Structures are given as C-alpha cells and as structure tokens.
**Student:** 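Right, I'll just put the structure down here and ask away after.
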Number of protein chains: 2
Amino acid sequence: MPMVLAANANASGSHVGEWRHPTAWNNPAANIENAKRLAQIAEAGKFDLIFLADGNGVRQLDKPALFAATSPSDRPGVFEPVTLLSALSMVTSHIGLVATATTTYDEPFHVARRFASLDHLSGGRAGWNLVTTSNPDDALNFSHTEHMERGNRYERAAEFADVVKGLWDSWDDGAFPQDKEAGQFLVPEKVHVLAHKGTHFQVRGPLNAPRPPQGHPLIFSAGQSETGKDLSAQHADCVFAIEGSMPAAQRLYADIKGRLPKFGRTADDMRILSGVTIFVGETAEEAEALFQQLEDLVSPAVGVDYLSKMLGRKMQGYALDEPMPKFDEEHVGHTGIGKAILNMAYEEGLTVRQTYRRILPQMGGNMFKGDAKQIADTMEEWYTTKACDGFMIAAPVVPTGLERFIRLVVPELQKRGLFRKEYEGTTLRDNLGLGRPANRFFAA
Amino acid sequence: MPMVLAANANASGSHVGEWRHPTAWNNPAANIENAKRLAQIAEAGKFDLIFLADGNGVRQLDKPALFAATSPSDRPGVFEPVTLLSALSMVTSHIGLVATATTTYDEPFHVARRFASLDHLSGGRAGWNLVTTSNPDDALNFSHTEHMERGNRYERAAEFADVVKGLWDSWDDGAFPQDKEAGQFLVPEKVHVLAHKGTHFQVRGPLNAPRPPQGHPLIFSAGQSETGKDLSAQHADCVFAIEGSMPAAQRLYADIKGRLPKFGRTADDMRILSGVTIFVGETAEEAEALFQQLEDLVSPAVGVDYLSKMLGRKMQGYALDEPMPKFDEEHVGHTGIGKAILNMAYEEGLTVRQTYRRILPQMGGNMFKGDAKQIADTMEEWYTTKACDGFMIAAPVVPTGLERFIRLVVPELQKRGLFRKEYEGTTLRDNLGLGRPANRFFAA
C-alpha cells in the first residue's frame, strides 16, 4: 500500500506566527482564491487529500494577545468546511476533500446528507472527520449551559456514526433508473427505511439522496483515549494520530489496529496518518532558519497565551527564563497534550520561554526538520516500521511551504517507490486502497 | 425598481411529468453537470437568482405510484442545497444563490455560519429561504416523535432569524486587518458577543466568520398565514407569494407590505416574487401543445396520488370522470392549497381527472401560457399593478423551457424597460436594489 499524504488546508497555517511571514498569503481570512490555489497545489503534488479542522466557536476571547494576534488554531475568520470543500470540488478533479463535523452539536440526518452531497458533487472524494468537539465553550452556541460529558459524547458519537452509515445505505446502488419511457424514476424495492431507535437518536430515514459514489464517504477520527481508540476501530477509515516520537507512534499504531478484529475488521481496512509539521529546505540550515524565523514572529505575550491554552491553565506572571514551574497533574490540561508538554519541559529542563517556543510550531506534537533527503529518510522510517501509513502534513508557510515540500520531498519519495506518480483512481477510496463498503441492507 | 426574475433550480422541474419529456435532462438525480449548466443558463439570461426548495425527508413512501414515478416535489435524489450552491458559486459570477434551510430542525449557529460562508464564497450572492418545514414526517428524522406545532414553529422561527442576524453582526466590517507588520490579525474592539438568551435558544456567539459581504445574506420566506406574513414583515428581504389570480395577488402584496411599518421598515425594503409556471412558445398553440404533452406524461395513478397529496386526503377509488366529491373543510389539507384546489373544482364543476390535470403543472397555484408577447403582457400587468415585484419562475421543461423563456420573453421584457440588460452590481443586494444593512452592534 502506498504512503498516504494529506495536506492541512487551513489557509493561515498551523504555526501561530506563520501568517506574518513575508511569503504567507496576504488576507487569509475567508479568502476563496487562496483556498482554491492551495487545493490545486496539493493536487498537482498528487496528495491524497486536503483536510480542514474545525470548531464551532471563537476560542481566545479571554486571551487578549492570542485573540488579537493569531488566526490558525482559533479560526475566527474561516469558511464552514463543507461549504468550502463543495466549492473546491468544482476546481479540482482527483484530490480527496475531508471536512470536520461534530457529533455533539449536530444531527445525523444533516451530517449524512451534507457528506453524501459532497460525495456526489465531487464524484466520490468526500471524507468526514468525526469529532465530538474539544472546546467546552462551543456548547454555549447551541443552547447548552455546559459541554456534554466526555463519556456521553463518545457514546453519542458511536451511535451517530452508525446512524449516518445506515442513512448512506438508504438506497441500493441503481435505485434510480430514471427511465423516461417506462415512467419509472426509482425502484421502490431499492429503498430501505432505517427506523433507528437508540439511546441518543431516533431516525426514521430514508436519506433523500442516492447512495454516495463511494458507498460511504470516508470517516476520519483522532481520539487517543480508550473510548476514542475504540470509536476509531469501530467506525474510522482513517485515523489522524499524534505522537511525538517514533516508538510511541508505533505503539499507538499497533494498539489501534489491534482493536479492529473486535469489530470484524482487518488492519488493511484502516489508514493511520501521523500529524507532523515539516520544515524542509534546500539545506538543513535553510529549514532551521525558517523555523527560527517563525518563532521570532511570535511575541512573548502571544507565546505565553498559547502555552496557557495548551496547558489549560494561566501561565502569565511566571518568569520567562526560569525553569517551567512544577504543577500537579490535576492542574493542567483537559487533553493529553498538556501533560505531554509538561513532561517534555521537566525532562529537558526547559524554561517557560523555551517551552512555548518548542511547542509553537508543532501541529499536535511532532515536527520533522531538514533537507529533502533527511525528511524522506524520516518519513520512510516511520512508514516502513509501522509508526504510520502516511502523514497529515502541515508545511509552513502557506502556501510556500507546501510548494517547497512538493518540489523537494515528493520527488524523493516517488524515486524510492513510496509515493504515487499518478492518482490510482477517481475516488478517495480508490487512491487510499480502501474498498467500497457493501450496503448493509442490500446484498451485492 | 426593475422587475426581479428568479429561476426555480430543481433539476427535474416542477411539473410531475416533465422529467419524462424528451428534451428534459437525462439522469437528473444528483447530477452536478446539469446543475452547473442550469445556473449558467440562468446567469446568461441575467436572472437575479436561482432558488432551491428543500425538505429533510422522502415524502411519498406511502403513495406507491407517486413514489416510483415522480421526482420533482418529493426530492429523493437531490443535493443538499447549501453544498450545491457553494459548488455553483465557483462556476458563476453574478447570479444570486438562494437555498432553503429549516428553523425547526437546525441550529441558528449552524445556519448563520453556512450562509455566511456561502456569502463569502460567492462574493455576496447568498440568500437563505427560511422555512419551518411543512412535511410533518421530517420530524421523525430528527429524534422527534411528532412535528412541532405550527404556532410554536413560527415563534421559534422568529427568534431563530433574530439570532442568525445577530451572529452575522458578530464582527464589525474591517475587524480583520490581518496586518503582518504589526502582528495584528484582528481588532478586539470589533467583535460583539451576542449572549442571546431567549425562549427557544441560548447562543453566546460570536460567529467564527467575518461579517458577510452583504452584511446579511438575504432572507426569503413564503408563509401566507397571519403568523407567516408577520414573520416575513419582520425578517424577510424577499417573499415568495403564491396566488392564482391577479386581484388576490394584489391583496396579498398590499397586506404583506402594509405590515412593514410595524417593524420599522418600508415597502422598498422588500421584494415580493410571485410563483408561476410559465409555458411559452413561438406561438400560443406551441405553448398549449407543450402543456398538453406534459399532462399526457402523467398516468392516472400518479395524478390521483398527486391530488391526494395536495388535498391531504386519499383520493383513490373515486370515479375519475365524475365531479369532484363534496368534502367538509376539516377533511382536507394541512395547507391553504388544498382548500384553494377544492374551491376551484367546485366553482368550475371539474371532475377528479380534470382537477388533477389542472393542478399538475402549477408550482403553487399559478400558470401563464402563451407566446412571448402574451407572457410579457401578463408579467407587465402583474408588475405594474403591484401584484408582485417580480417572479419565481418554473419554466418546463428543464433546461429547454428556461432556455426558451430567455430566448423569447427576456428580450421582450428588456425592450419594454422592465428587465435589466446587464447586472447592476456584484452582490445579490445590489441587483435587487436592497441596501446593505447596518450592523446592529457597531455604528456605521
């Protein structure tokens, strides 16, 4: 199976300082011309897919420096991802289009319908990144007074995904002969009424859309808790995994794939993509210089705000050049990331400034830096030792970093036989080597 | 103010038999190439907008003939409208893009966000057709056991629209300087936290999108009940009105526009579009022949099923060529349309067959037939006598009927100075002569 390459398509990048770089897009907020160009760059580079993270809220209202100075992780000025990818389906022809949607504050019928629609619009290139919403404050935008409790969110998510897949199977393939002569638009025997009655949802169906070209648009997920890994093993075609070291990534890979048989699936039914920020240059020095340049674009106020956000606790007021203070575990992070950052700081004896500088450029915990050969070596090693099946790549700066990755690294991967020279097929499933799922209500 | 022309963009038309016509699209279900072509035809004809009706369910499961043989009004094989219009924004440049979304089974934050996104994608061409969902069974797709009661639906809709507009005003114009040098992405003083707490919703905000190019994407509505008309007067920029006669349309027009001052608005703040199916030919005979041809494409089984649907009662088993049976009012229709159909049948002494044939081609109760001059005369009379400000046109057959309307009628309207030769501006508001609304939280 060839290596999977996915491009993070956030128009202002993943590094908190990168939008300020001279070669970054000007005016990235809700800019369709930029988004179009980025998708076309990724497609010219034969990337499998572009990926849009998402949330339903503006996060940094209470962190003034971060609120005023940064755009990437907080996204106050972005397109709604399914509308954006629907638009991009018209100006691309092969690349996969993967958008995030939450199971916590949406309805299975709506989500099934929108991704079915995107799959039809794009000729089978849609993917749904299933999230349960990590930002508690998003609840306040949906008439909830507090965020749904984690266990409940995951239980709801599993049922939600099951309903969505059931709705995608509402119609058999070939249910719409649209026979003008016979006056038969559809075949009544080829519809299935789902009649789902579960703990969280009652959904009758059928969906008012023909079965998607891919059967089911791909499902992505990223949870690394026990419940999150089980959810992935049950429902996900692709998992976005985040580990800072290769051995940890190998363990996670084995863990998640090891759960598949429990749900009647095999290791080949899933692709695991490792999230990584890649700085590549003509030389290793050039890559390092770019990295330093981005760090310099982040003021201490923004850096400390960012560190506070990642740790889930206020970090203002600590001396920047003193060692990271000791915190009890319960005083940090609603996610595992906070804990990982602290461990790193303690193990390496980092100061507060060193810590925030260290975490700034990393999209969820991992970074490769170097020249093309070094990057390709690392990617090959991760890939061949089953740390991952491919990569979810943030390539600072947008768009020049992605262009540089494609110019320098992609040919090196192709030369080694690790990456495609042409798209294998027309759907995202074709290109990922994932089969088209059978319809659960109709025998093939 | 010039006449407004809107095109019904349902790919299989509005007449129950028209998809079977030899010149109709082949394979209209979820066909993006057709949809693209239709939008481009309408734009070449300088139409103000294309319009997509919508529902969240498959309606005719229990009406076998209609279920198998028809597509238009029941839409089992369509795109989700906002995704489709997002795609079409990339292949058009001036025409307005108006999609239906329900306030009964969706969230104000999601709806505000999607239409803001469509407005950004299209450079200010988005419109939202606000509906409260007419089909009771749609409730069953959203974990409800029964449809929300009408009064409650309208109360919820009014609050929903108010929240959506408030979210669109989350950011002042110019809130995102994206100043690389200064490191200032946004201006913190230019965001407003809505903090809405109402009867149906609690929505904190702000919306995670810059203010839409139009300020507010246009709001369309169509209700003709007292509460529906008040909702329109309070929130709608455009009203889609349905009356079968010019005097009735004039009364409705005066009624709705007369309600505007109550909400601090003037008659010029709203455009009323009359829904009409137009059969035009090189001669009146050609138009009549097409009309008869479509009726012949509808089998009695489908016709009676359709009549049953419109009346809201079972009509199978009545002799086709006997007069329409007498029914008490409470035995028909959850909508006003059923009553109007019965009154027509009784007044004119129509048989069951004549009645269903009479209603089949009409999109919501009105039809113009004739040559170009006759059609233009009628449109001019409706327009100049304030029966409407323009028309929501279904032009059988798709796409040939729309092409014929543009070839024959549009030049006649242009010659009379009633319709534009070129688009007035770049946004839908520009073209409709509707000003950009002020931001309620920020002085201009």
Side-chain angles (χ1 to χ4, degrees), chain A residues 19-20 26-30 32 55-58 61 64 67-71 75-80 82-84 86-87 89-91 105-107 109-110 113-114 117-118 120-121 140-143 145 176 178 180 183-188 193 201-206 208-210 297 299, chain B residues 19-20 24 26-30 32 55-58 61 64 67-71 75-80 82-84 86-87 89-91 105-107 109-110 113-114 117-118 120-121 140-143 176 178 180 183-188 193 201-206 208-210 297 299:
Chain A
W19 70 273
R20 298 182 63 191
N26 290 320
N27 303 314
I32 180 60
N56 284 290
V58 174
L61 289 167
F67 183 60
T70 75
S71 77
R75 307 184 183 86
V78 295
F79 294 107
E80 186 282 326
V82 185
T83 54
L84 175 56
S86 297
S89 74
M90 295 292 94
V91 295
Y105 301 111
D106 212 326
E107 292 282 341
F109 193 90
H110 286 318
R113 194 174 175 213
R114 286 202 293 275
S117 197
L118 179 60
H120 282 290
L121 287 170
L140 307 178
N141 292 328
F142 297 99
S143 300
T145 51
F176 295 87
Q178 305 171 68
K180 287 180 173 184
Q184 184 170 41
F185 193 82
L186 57 83
V187 182
V193 176
F201 304 104
Q202 294 181 34
V203 180
R204 190 186 69 163
N208 52 351
L297 287 169
S299 68
Chain B
W19 70 274
R20 299 183 62 192
N26 291 318
N27 303 313
I32 180 59
N56 284 290
V58 174
L61 289 166
F67 184 60
T70 75
S71 78
R75 307 184 182 85
V78 295
F79 294 107
E80 186 281 327
V82 184
T83 55
L84 175 56
S86 297
S89 74
M90 295 292 93
V91 295
Y105 301 111
D106 212 325
E107 292 282 341
F109 194 90
H110 286 318
R113 196 176 173 210
R114 287 202 293 275
S117 197
L118 179 60
H120 282 289
L121 288 170
L140 306 178
N141 291 328
F142 297 100
S143 300
F176 295 87
Q178 305 170 71
K180 288 180 172 183
Q184 184 169 41
F185 193 83
L186 56 83
V187 182
V193 176
F201 304 104
Q202 293 181 35
V203 181
R204 189 186 69 162
N208 52 350
L297 287 170
S299 69

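Just so we're on the same page: letters track the sequence lines, and every chain starts at 1. All of these numbers come straight from a predicted model, not from anything done at the bench.
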**Student:** Closest heavy-atom contact between B:F67 and A:P188?
**Tutor:**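 The pair with the smallest heavy-atom distance is CE2-CA, 3.8 Å.
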**Student:** For B:T83, check side-chain hydrogen bond (donor to acceptor under 3.5 Å, both in side chains) against everything at least two apart and list the hits.
**Tutor:**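 Only A:S117, B:E80 meet the side-chain hydrogen bond (donor to acceptor under 3.5 Å, both in side chains) criterion with B:T83.
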**Student:** Roughly how far apart are A:E107 CD and B:H110 NE2, rounded to 0.5 Å?
**Tutor:**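 If we round to the nearest 0.5 Å, A:E107:CD and B:H110:NE2 are 8.5 Å apart.
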**Student:** What residue, out of A:S299, A:S86, A:P64, A:G205, has the most heavy-atom pairs lying under 4.5 Å from chain B?
**Tutor:**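 Heavy-atom pairs under 4.5 Å are most numerous for A:S86.
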**Student:** Locate the shortest heavy-atom distance separating B:A87 from A:M90; write the atom from each residue and the value.
**Tutor:**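 B:A87 and A:M90 have their closest heavy atoms at O-CG, 3.2 Å.
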**Student:** Out of curiosity, B:S89 OG to A:I32 CD1, how far, rounded to the nearest 0.5 Å?
**Tutor:**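 So the gap between those two atoms works out to 6.5 Å.
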**Student:** How far apart are the closest heavy atoms of A:K180 and B:W19, and which atoms are they?
**Tutor:**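 Heavy atoms of A:K180 and B:W19 come nearest at CE-O, 3.3 Å.
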**Student:** Picking from B:A29, B:A30, B:G183, which has the most non-hydrogen pairs under 4.5 angstrom with chain A?
**Tutor:**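 If we count pairs closer than 4.5 Å to chain A, B:G183 comes out on top.
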**Student:** Taking every non-hydrogen pair under 4.5 Å, which of A:P210, A:A68, A:P206 racks up the most with chain B?
**Tutor:**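 It is A:A68.
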**Student:** Just how far is it from atom CG of A:L118 to atom CG of B:L84, taken to the nearest 0.5 Å?
**Tutor:**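 Output value for this atom pair is 11.5 Å.
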**Student:** Identify the two heavy atoms, one from B:F185 and one from A:P28, that lie closest to each other, and give their separation to 0.1 Å.
**Tutor:**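 So the two residues come closest at CE1-CG, 3.9 Å.
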**Student:** Using 0.5 Å steps for rounding, measure from the CG atom of B:L61 to the CZ atom of A:R204.
**Tutor:**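 CZ of A:R204 is found 5.5 Å from CG of B:L61.
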**Student:** Hey, could you give me the CZ/CG distance between A:F109 and B:D106, rounded to the nearest 0.5 Å?
**Tutor:**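 Those atoms lie 12.0 Å apart.
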**Student:** Which region of B:F176, side chain (C-beta onward) or backbone (N, CA, C, O), has a non-hydrogen atom less than 4.5 Å from a non-hydrogen atom of chain A, or is it both or neither?
**Tutor:**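 Side chain of B:F176 only, per the 4.5 Å heavy-atom cut-off to chain A.
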**Student:** Show the nearest heavy-atom pair for residues B:R113 and A:G55, with the distance to one decimal.
**Tutor:**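 For B:R113 versus A:G55, the nearest heavy atoms are NH1-O, 3.5 Å.
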**Student:** According to side-chain contact (heavy atoms from CB on, under 4.5 Å), who are the partners of B:R20, at least two apart in sequence or on a separate chain?
**Tutor:**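 Once residues adjacent in sequence are excluded, the partners of B:R20 under the side-chain contact (heavy atoms from CB on, under 4.5 Å) criterion are B:L297.
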**Student:** For the interface with chain B, which of A:V187, A:N26, A:V203, A:N56 has the highest count of heavy-atom pairs at distances below 4.5 Å?
**Tutor:**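 Of the options given, most contacts go to A:N56.
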**Student:** Among A:V193, A:T145, A:N141, which residue has the highest count of heavy-atom pairs closer than 4.5 Å to chain B?
**Tutor:**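 Heavy-atom pairs under 4.5 Å are most numerous for A:N141.
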**Student:** Please determine, among B:V91, B:L121, B:V82, the option with the most heavy-atom pairs under 4.5 Å with chain A.
**Tutor:**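 Option with the greatest count: B:L121.
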